Amino acid sequence: MTVWQFFRRYALLLPVLLTACAGQGMQGTSSQRDIARVEAYFQTVDLKAAPFSQVWPDGAVGSGTLVYRPGYLDMRFTEPHFMTLHAEGRHAVFSDSANGAETRIGLAHNPLGLLLDNPVRLGGAVTVTDIRRAPGVLQLSLARTDNPSQGLVTLRFHETAAHLSLYEVRIVDERRRVTLITLGSG
C-alpha cells in the first residue's frame, strides 16, 4: 500500500477520531467538575434587582434591572424606554410600553429556555458544547441536545477561589443573531 492509498483509506476516519477525542476532552474530570459547579451555582443563585445592559442583534443597547432564580426571569428595561420580559417555565412575555405591543414566546425552542429549567441541568436535554478557562474566568457554551441548531448560550463567570459569579450571557439564535447581556453596572 502506498502512502497515498493509506492516507485516502484512513483520512475518512479522521473526523470520527477527532470527534471522539473532543468528546473525551469534555468528559474529563476537570470539565465534569466545572459543569457540576455551574449546576450548583444555578441551584442557589437568587439575583434581585441586578443591574444589566443588553446589546440586541441590530446593535441597539438597553439597560435595566433583572430578577433571576431557577425557573424564573424578570427583566425590566429602563433604557431605551420601559419594557419588560417575564419568563417562567416554558413561556416568556415581552411587553413594550413604547408601542403597547405584547409578544408571547415559547421557550422550548428558544436558547433562553436553556436557563429556565428548574433545576438547570447541564446534561440530558442540554449539551455543554465547549468549556474554556482563563485566569479568573470560566466559560461554558450550551445547546439543546436534540436540536443544537436552535441556538447557543454562552455563559461567562468570574471565578474567585471556589466562588462563581455570572457576568455575561451571550445568546446566538437559530439565525445566528447575537444578543449580549452583561450583568453588573456595565
Side-chain angles (χ1 to χ4, degrees), residues 38-122 125-130 132 137-160 163-186:
V38 170
E39 284 181 334
Y41 171 86
F42 279 109
Q43 288 174 6
T44 60
V45 67
D46 190 7
L47 299 173
K48 296 177 182 166
F52 76 92
S53 61
Q54 178 171 320
V55 179
W56 281 277
D58 65 0
V61 177
S63 62
T65 59
L66 66 79
V67 174
Y68 177 87
R69 61 183 174 273
Y72 177 87
L73 173 68
D74 189 61
M75 299 175 78
R76 297 190 178 275
F77 293 85
T78 54
E79 298 293 330
H81 57 272
F82 187 74
M83 300 178 282
T84 62
L85 174 73
H86 178 79
E88 196 164 2
R90 306 316 287 158
H91 296 87
V93 177
F94 180 76
S95 300
D96 187 338
S97 68
N99 60 17
E102 186 172 278
T103 306
R104 296 186 184 284
I105 305 163
L107 296 176
H109 302 289
N110 184 297
L112 181 60
L114 294 169
L115 301 176
L116 288 167
D117 284 339
N118 186 7
V120 172
R121 295 273 186 236
L122 304 182
V126 176
T127 296
V128 177
T129 62
D130 190 33
R132 296 184 185 220
V137 176
L138 173 62
Q139 175 179 302
L140 275 78
S141 295
L142 317 171
R144 291 199 183 282
T145 302
D146 63 348
N147 195 348
S149 65
Q150 290 177 341
L152 181 74
V153 174
T154 299
L155 307 170
R156 296 189 84 194
F157 295 87
H158 287 298
E159 184 176 30
T160 54
H163 180 71
L164 292 177
S165 176
L166 181 65
Y167 74 91
E168 185 178 277
V169 179
R170 179 180 299 266
I171 301 170
V172 181
D173 70 14
E174 73 281 354
R175 292 186 235 156
R176 301 214 172 270
R177 296 177 304 185
V178 177
T179 300
L180 179 66
I181 301 168
T182 304
L183 298 174
S185 56

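Keep in mind it's a predicted model, so treat the numbers as computed, not measured.
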Legend entry - Rounded distance [0.5 Å steps], CG in Leu164 versus CG in Leu140: 9.0 Å

Inset, instruction - Using atom types as modelled and distance alone, determine if a side-chain donor or acceptor of Thr129 lies under 3.5 Å from a backbone N or O of Ser141. - result: yes

Inset, instruction - Would you mind listing every salt bridge (Lys or Arg N to Asp or Glu O under 4.0 Å) that reaches into residues 53-75, with sequence neighbours excluded? - result: Asp74-Arg76

Legend entry - CE on Met83 to OG on Ser97, rounded to 0.5 Å: 7.5 Å

Legend entry - Reported CG-to-NE2 distance for the pair Leu183 and His158, which is rounded to 0.5 angstrom: 9.5 Å

Inset, instruction - Indicate yes or no for a side-chain donor-acceptor contact from Gln43 to the backbone of Pro119 under 3.5 Å, with no hydrogens or angles considered. - result: no

Legend entry - His91 atom NE2: more than 12 heavy-atom contacts under 6.0 Å: no

Legend entry - Any donor-acceptor N/O pair, Tyr41 side chain to Phe157 backbone, under 3.5 Å: no

Legend entry - Spacing of CG belonging to Asp173 relative to NE2 belonging to His109, to within rounding of 0.5 Å: 14.5 Å

Inset, instruction - Only counting residues at least two apart or in another chain, list the ones meeting salt bridge (Lys or Arg N to Asp or Glu O under 4.0 Å) with Arg90. - result: Asp117

Inset, instruction - With rounding to the nearest 0.5 Å, note down the distance linking CG in Asp130 to CG in Leu152. - result: 8.5 Å

Legend entry - Ring centres under 6.0 angstrom apart (Trp56, Phe77): yes

Legend entry - Inter-residue atom distance Thr65.OG1 - Phe52.CZ, 0.5 Å rounding: 7.0 Å

Legend entry - Student check: side-chain heavy atoms of Leu166 and Val45 closer than 4.5 Å: no

